[in-house]
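Reviewing the structure listed below.
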Amino acid sequence: MDKTYDPHAIESRWYQIWEDQGYFRPSGQGAPYCIMIPPPNVTGRLHMGHAFQDTLMDALTRYHRMAGGNTLWQAGTDHAGIATQMVVERQLNGEGQTRHDLGREAFIDRVWTWKAHSGGTITGQLRRMGASLDWSRERFTLDEGLSAAVTEVFVRLYHEGLIYRGQRLVNWDPVLHTAVSDLEVVSQEEDGFMWHIRYPLADGSGHLTVATTRPETLLGDSAVAVHPGDERYAHWVGKQIALPLTDRLIPIIADSYVDPAFGTGCVKITPAHDFNDYGVGERHQLPLINIFTVDAHLNGQVPSRYQGLERFAARRQVVADLEAAGWLEKIVPHKLMVPRGDRTQAVIEPFLTDQWYVKIAPLAEPAIRAVEEGRIRFIPDNWSKTYFEWMRNIQDWCISRQIWWGHRIPAWYDSAGQVYVGQNEVAIRQRYRLPDDLSLRQDEDVLDTWFSSALWPFSTLGWPEQTPALATFYPTSVLVTGFDIIFFWVARMIMMGLKFTGEVPFREVYIHGLVRDAHGNKMSKSKGNVLDPIDLIDGIDLESLVAKRTTGLMQPEMAKKIEQATRQEFPEGIPSFGTDALRFTFAALATTGRDINFDLGRIGGYRNFCNKLWNAARYVLMNTEGQDTGLGEDLRVLSLADRWIQSRFQRTANAVNEAITGYRFDLLASALYEFTWNEYCDWYLELSKPVLTGDNAAPEAQRGTRYTLVQVLEGLLRLAHPLIPFISEEIWQRVAPLAGKPVGTLMNQPFPVVDSQGLDPEAEAEMQWLMAFILGLRNIRGEMNLSPAKPLPILLQHGDETDRQRLDVNRAFLMSLARLASITWLAEDAKAPPAATALVGGLHLYIPLAGLIDAEAEAKRLDKEIDKLRKDLQRTTGKLTNSAFVGKAPPEVVAKERERATEMGQALEKLAAQRAKLAELG
RNA sequence: GGGUGCUUAGCUCAGCCGGGAGAGCGUCGCCCUUACAAGGCGAAAGUCGGGGGUUCGAACCCCUCAGCACCCACCA
């Protein structure tokens, strides 16, 4: 093995082998375990959120595969209607064309071409992450099969009356020229104004003042409303207003929607361009006056001088004209919530159109129950509150989109506008018994992308066909996703799954946090703080990183600032960390909170961890390859260290199994980290050295240690594989033969389960003694600035029989790890020479000063220790003298405190005596 | 307006059922000890956001205040 861990050398090779060998396919044996990947946009690129999420899913998948499950991680991508169409349209615009120049068919061809060109990017990046997805079953939401599922669902819902078409106000994106759902609108507080406008009475007897944030909609007003109980205006209700800038008369009406305390208490009512006003209009049978075109310019419904004006230009014009005519009373700065499209950032316009809706309440009800009854479990559980909150207030879902890329709605119209819904034209003619010569034209709209996503858990398994895969893997085991799409996706999958399969789509939903930058800021192109997971794997030089972050900005003026910040944060660019280190980092960061702050310092640490593991393996191989690794049981003897590390391994295996089944990936990572570094490397490997290289070690003992070195490493690699698949596989290939394991792949080895027989509490206790012994001496060495290379003679006193036994057995370990020149017992009553002192329980360790140690420094060190002990003791005795504590606390807690007090008291006494001796010296 | 989180070492975060405050990075000191300097050994560092309560005992449970973040919602 190379001296330094080089992730690239090993990562490039293994994935190919695994995939070629078909290891990602379900084994066909064992309990089914299935995860559906949240399908990424087919033309997208992998971002940190994907990388994070896919790491967790891969760890689960690999774990269950090793644990013997019939495991499927379903691969696939999403057509991402609006997002993908926008990308291609932007390309077209760059060529000076629009999609309308191409026409629908040619445009869709063009999108397919783009998909063919870029569709491999993200799947390739998933492979680089080590994701063990079953690519042989890869699906795409616009596949034939999935499209058939979409049509089937639409038709069935329609004929059950759960899909309907209706004309009402929708959220209209005037840039995209399409309706969007409530969820695709994000409202943000922005600075604006409140215009106070005088509305004169038609009879000339005065005026009302209305306050509005949208003066241009005056042109579409149908009424002015006041509160029915508002005495100020009661006598005006029923009168007519002469609407300024128009020649229309509108009524003054009374409606309880109006809040008399807000503004002037008079509200202009524009039913066609405001969701509230729409309701008012319905109650009062007011005319709907639509004043906008699809791209939010004023249409023919307004006086000719305003026609054709864009809505914000229209606002300026209307305000200017009102002011000129004296109708404008005042303008007040006002903060308001502005709705914007999540894709385009365009201000969303409430707009009157025909759209398709899913009647959602009947679907939501069973979906709520499924979670209430625990048939679906959210992890962490509190996300179920969020789910309930939304589901109990859910609104009908607008599913039609006026774009071209997507599943076209399976509805046809005849020339009279009669609508027919069915699988296709032929089916419709049959179902509705339509004459052959009746000409039909299909609805132009496509479905919301999330409509097909909602079917993903069963459509990918072959539904509506009753396939073996569906029977085996549905309901799936767990859905792993971020809280940001609980409404968009999770809730809708639950509703559709229950509706069409009668079963929940997944039994558990693991909700993880969202990846942010090191300081908790959202990663975004415009902030220039985006990290690309592939750059973390491969590394990237500073200039390339700067270029990447500053090109294609929406606000080019930010480039300079971003460049500066980037140069400051990454003066050397980003080093290459490798996939395993990245995965380990994601797991370590996957705590239960909702934000995951990605700190580059952490990934460096975990790259070092991989290097540590690599070098530990090198050490093991150097000492075992070509040698007897003790596979014949009668020929090996286990040392304390051997028994200890095997016991610790069992505890680690237990912690790892618990962590992974409890979705605590952070605990998984730390269990692996601590065992590998702090126990296996720091202690066990060091303890193996005197056995393997010692002058008079018995061959049986050496075999025992080689055996343990290899067995524990092999087991550790199996434990670690779900998280760090590449390095574990690479090392395992070399270690497995030494451990007597069959050749093959680590991927298919059994995952370690806890063997309680392997626990050895005595070995752990004795090892604790050994460690205390060594740490006591190391502390003196460190504090006294004694060279670690200098062998020290030490004296022992006051030990009991156990101490003596332990010393005899472990003398070689102590000599080696504490770098001792000699160990000498002092008689119980002998006078110890001036020395630095450490205690191991009742046992005293002395390092004679003898010119090595400065008495004053040792005095200071002892003072510090005595001080600490004294404070601890004080607290403990405080408790014990409190009769309430002794009386009410559980006896075992009291006993423990007593024991501690005794121990500390004794230690304090001894150290104080030592301290006194030093004082005499000085 | 309704809802949900968060606040622990300089930084990023763990802390499980209420019982001796932890990790990584950073900092300081000593070491290139034949697996690893991407390393070893040792050390320093916290009023657990503030206040109150429950309890023998609170980082943890309850109340309250402050600060931060997020989600939902039709106040013109």
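Lettering follows sequence order; numbering is per chain, from 1. Heavy atoms only: backbone and side chains are in, while hydrogens, waters and symmetry mates are out.
B:rA35 and B:rC48 are spaced 45 Å apart, taking the P atom of each and rounding to whole Å. As rounded to the nearest Å, B:rG18 and B:rC60 have C1' atoms that lie 6 Å from one another.
Remark: the A:E686 side chain and the B:rA35 base include a donor-acceptor N/O pair separated by less than 3.5 Å.
Checking the phosphate oxygens (OP1, OP2) of B:rA43, a side-chain nitrogen or oxygen of A:N779 falls inside 4.0 Å. Side-chain N/O atoms of A:W383 include none lying less than 4.0 angstrom from OP1 or OP2 on B:rC70. A:T591 has a side-chain polar atom (N or O) that falls below the 4.0 Å cut-off from OP1 or OP2 of B:rA14. Phosphate proximity of B:rC74 to A:R214: absent, as no side-chain N or O sits under 4.0 Å from OP1 or OP2. Side-chain N/O atoms of A:K790 include none lying less than 4.0 angstrom from OP1 or OP2 on B:rU33. Contact annotation: A:K522 does not reach the phosphate of B:rA69 (side-chain N/O to OP1 or OP2, under 4.0 Å). Residue A:N393 places none of its side-chain N or O atoms closer than 4.0 Å to OP1 or OP2 of B:rA73.
For the pair A:R778 and A:W683, the cation sits on the ring face: its NZ or CZ lies under 6.0 Å from the ring centre, inside 45° of the axis. Annotation: cation-pi geometry not satisfied between A:K385 and A:F378 (NZ/CZ under 6.0 angstrom from ring centroid, within 45° of ring axis).
Where A:K879 and A:N382 meet RNA chain B, the nucleotide closest to each residue was compared, and A:N382 sits on the side nearer the 5' end. Residue order along RNA chain B, read from the 5' end via each residue's closest nucleotide, puts A:F598 first among A:F598 and A:K3.
With rounding to whole Å, A:F586 atom CZ is found 19 Å from B:rU12 atom P. With rounding to whole Å, A:D666 atom CG is found 15 Å from B:rG24 atom P. Protein atom CD1 of A:I485 is 16 Å distant from nucleotide atom C1' of B:rC70, rounded to whole Å.
Within 4.0 Å (heavy atoms only), A:T4 reaches at least one base atom of the nucleic acid. A:L775 comes within 4.0 angstrom of sugar-phosphate atoms only, judged by non-hydrogen atoms across all strands, and of no base. Within 4.0 Å of A:R618, counting heavy atoms only, lie sugar-phosphate atoms of the nucleic acid but no base atom. Within 4.0 Å (heavy atoms only), A:E892 reaches no atom of the nucleic acid at all. As judged by a 4.0 angstrom heavy-atom cut-off over every strand, A:F487 is placed among residues touching the sugar-phosphate backbone only. Among the protein residues, A:C681 comes within range of the nucleic acid bases, having at least one heavy atom under 4.0 Å from a base atom. Here A:R778 lies in heavy-atom contact (under 4.0 Å) with sugar-phosphate atoms only. If you check every strand for non-hydrogen atoms under 4.0 Å, A:A616 touches a base. Within 4.0 Å (heavy atoms only), A:M337 reaches at least one base atom of the nucleic acid. Across all strands shown, A:V210 has no heavy atoms under 4.0 Å from either base or sugar-phosphate atoms. Nucleic acid contact class of A:D682 (heavy atoms, under 4.0 Å, all strands): sugar-phosphate only. A:N611 comes within 4.0 angstrom of a nucleotide base, judged by non-hydrogen atoms across all strands. Base contact: A:K612 has a heavy atom under 4.0 Å from a base atom. Residue A:D259 is classed as a base contact, given a heavy-atom separation below 4.0 Å to a base.
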| message | Pairs counted only when both distances fall under 3.5 Å, Watson-Crick or G-U: show me the 5' to 3' dot-bracket for RNA chain B, [ ] for pseudoknotted crossings and | for other-strand partners. | response | (((((((..((((.....[..)))).(((((.......))))).....(((((..]....))))))))))))....
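Classification of the A:W383-A:F483 ring pair by plane angle, with boundaries at 30° and 60°, yields parallel.
Between A:E899 and A:K896 there is no salt bridge, since no side-chain nitrogen of the basic residue lies less than 4.0 Å from a carboxylate oxygen of the acidic one. Salt-bridge check for A:R900 with A:E903: failed, with every basic side-chain N at 4.0 Å or more from each acidic carboxylate O. For the pair A:E858 and A:R861, the salt-bridge criterion is met [side-chain N within less than 4.0 Å of a carboxylate O]. Using a 4.0 Å cut-off between charged side-chain N and carboxylate O, A:R875 and A:D872 make a salt bridge.
Glycosidic conformation of B:rC17: syn, with the torsion inside 90° of 0.
With B:rA38, B:rG20, B:rG40 as the choices, the nucleotide that has an atom nearest any side-chain atom of A:E897 turns out to be B:rG20. The side chain of A:R875 lies closest to B:rG20, out of B:rA76, B:rA44, B:rG20.
Minimum heavy-atom separation, A:V371 to A:F388: CG1-CZ, 3.5 Å.
With respect to A:Y606, the ring-ring contact (aromatic ring centres under 6.0 Å, His included) criterion is satisfied by exactly one of A:F584, A:W677, A:F577: A:F584.
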